[in-house]
Amino acid sequence: MDGLVQITEHLASLGVDLTTEAGGPKRATSLLSRRVPLAAPEAQLATLDAVPLAAGDFEAAIAGAGFEGGLLPAKLEFFQINIGKLCNMTCRHCHVDSGPDRLTENMDRATVDACLRALDATDAHTVDITGGAPELNPHFRYLVDACVERGKHVIDRCNLTVLLVPRFRDLPEYLADRGVEVVCSLPHYRQRNTDAQRGDGTYEKSIRALHRLNEVGYGQGDPRRRLTLMSNPAGAFLAANQAELEGEWRRGLQAEHGITFDRLICLNNMPIARYLEWLVEKGQLAAYMERLTNAFNPAAVAGVMCRNTLSISWDGRLYDCDFNQMLDLEVELPGGARPSVHDLDATALQQRRIVTARHCFGCTAGQGSSCGGATA
Amino acid sequence: METYYDPADLPKFGQIAEGNPDLARKFFAWYNAVFAEGALTAREKSLIALAVSHAVQCPYCIDAYSKDALEKGSDLEQMTEAMHVAAAIRGGASLVHGVQMLNHVHKTGM
């Protein structure tokens, strides 16, 4: 419970109560806080498995695309650390089920240090820090500094509104000084879909945060100040083609707000956690799963992120991706061992088979989808 | 209930090949080429298709291109403006015939 005490003290110092609208827009509440059955990963997996689908076997689908033995790891490039589930927002589609109520599941200093030791044992070139709102973790800057010192490319997956928390006013400058890439969530360059997915007021706050990032040099073509916008569909449909949309987003954000950015990536929503609940409530689950399986793109398989990424949870467990992490599907070595970040063996990990289930169709539909955008 | 329009018929569109596979193949090839990214973006073409769907009042097309417009990154406001373009042309097309009416009235009236 030391961690909890620390988080509570940390929150008290932020200058705003994260549970309020002032702390961050709220579109939903966490499944966990409502104690609904779908909060449990097993219930989510069972819900997906119960959908009648003509071609709902992921392993069979990838076998048809030339991956008969299942998915095997490629070279490890991305070390993705989910530093905690605490967030100042509660977006409707959140696959993490994050929110201001997730106080206990946040990485402590000892686990951060274990991550750094594990990182040193791999050749990963990029550390991708996600959450929750990763900036809310008291050890966020310690982790960033340690990764930058090691010469790693660092990504901060930022919800933008957290940059308006009073205590974090210096964050854009802090990130810019260290060459951290900021990958921020913005479902649409216009207001309607942004607020519909992330909560009223999100758009306006996001625009203010983007201005601050532009002011410190982000989004102007400098590779050490890279500003990436990340769009998820605000509904039960697939992500748009990022290459086709980028120009329009550029013109729209420039004309309406004078904002510039470096690149746009588009991701499909994963049918788990709060997005899964939304699909069920809207009666759209079967249609969405059909959409994903019908849009299965064989060319998107080779580039799925689980092949070049290792995902680490707040408590130091290892996963093939952040989605498997939320579904409690840990990495599994031949023989059944499930190592943690404390006993990570990079060579042994390369021998594993990636754990898959029906949610994986989210990454192979359409243009393909990953934390880096399209894969096909 | 039997109806003239059934949503389940839309995914069966390809079955029109049954009576003449060659023409169907040509049609679908041409159709796909029409919607490819070109001098207009795929998103712009999708909004045009959505507007025309309303003008020709094709329920299949409205379903298909509402979904397509969303997947191409359009939002409700943009889709609504496209729909109003179709409605304005339809309304205007009626009204502009009023000149013919006026001509008739002026020619035959006092």
Side-chain angles (χ1 to χ4, degrees), chain A residues 54-55 93 186-198 202-203 229-253 256 264-269 282-284 286-288 290-295 297 365-369 373-374, chain B residues 1 3 5-17 24 28-29 31-54 58-85:
Chain A
H93 70 304
L186 192 70
H188 204 279
Y189 75 91
R190 290 155 49 76
Q191 181 175 353
R192 174 182 287 271
N193 287 3
T194 301
D195 284 0
Q197 180 191 83
R198 304 177 68 77
T202 300
Y203 182 75
L229 303 186
M230 201 200 88
S231 163
N232 288 66
F237 46 91
L238 297 187
N241 182 311
Q242 59 191 35
E244 286 175 7
L245 274 198
E246 194 175 284
E248 190 200 338
W249 278 54
R250 249 180 230 299
R251 287 188 295 278
L253 284 171
E256 285 168 42
L264 171 70
I265 58 176
C266 294
L267 279 69
N268 290 333
N269 286 321
K282 289 286 268 193
Q284 289 290 317
Y288 186 69
E290 243 170 63
R291 184 85 191 95
L292 292 183
T293 52
N294 286 343
N297 181 355
Q367 311 293 314
S369 182
Chain B
M1 191 185 73
T3 61
Y5 288 117
D6 182 351
D9 285 345
L10 175 57
K12 298 179 192 159
F13 193 7
Q15 293 177 12
I16 57 127
F28 286 115
Y31 191 98
N32 287 332
V34 164
F35 282 97
E37 187 97 355
L40 293 176
T41 67
R43 195 184 76 85
E44 287 164 337
K45 289 182 182 183
S46 165
L47 284 173
I48 294 169
L50 181 68
V52 175
S53 302
H54 284 80
C58 164
Y60 300 117
C61 314
I62 292 171
D63 265 3
Y65 284 95
S66 296
K67 188 184 82 175
D68 189 67
L70 289 168
E71 293 198 340
K72 293 280 192 301
S74 296
D75 68 8
L76 177 64
E77 283 141 350
Q78 295 168 328
M79 292 159 71
T80 304
E81 285 185 22
M83 190 183 64
H84 274 285
V85 170

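Worth knowing before you read on, the calculation uses all heavy atoms, side chains too, and leaves out hydrogens, waters and symmetry mates. From a predicted model like this one, the values you see are computed outputs, not experimental measurements. Just so we're on the same page: letters track the sequence lines, and every chain starts at 1.
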What residues of residues 62-75 of chain B sit under 4.5 Å from chain A when you count only heavy atoms? B:Lys67, B:Leu70, B:Glu71, B:Lys72, B:Gly73, B:Ser74, B:Asp75
Give the member of A:Ala240, A:Ala196, A:Cys266 that has the highest number of heavy-atom pairs under 4.5 Å with chain B. A:Ala240
Is A:Leu238 in contact with chain B via its backbone, its side chain, both, or neither, using a 4.5 Å heavy-atom distance? both
Quick one: are A:Gln191 and B:Glu77 in side-chain contact, heavy atoms under 4.5 Å? no
Salt-bridge test for A:Glu244 and B:Arg43: reply yes if a basic N is under 4.0 Å from a carboxylate O, no otherwise. no
Taking atom CZ of A:Arg190 and atom CG of B:Leu76, what is their separation to the nearest 0.5 Å? 9.5 Å
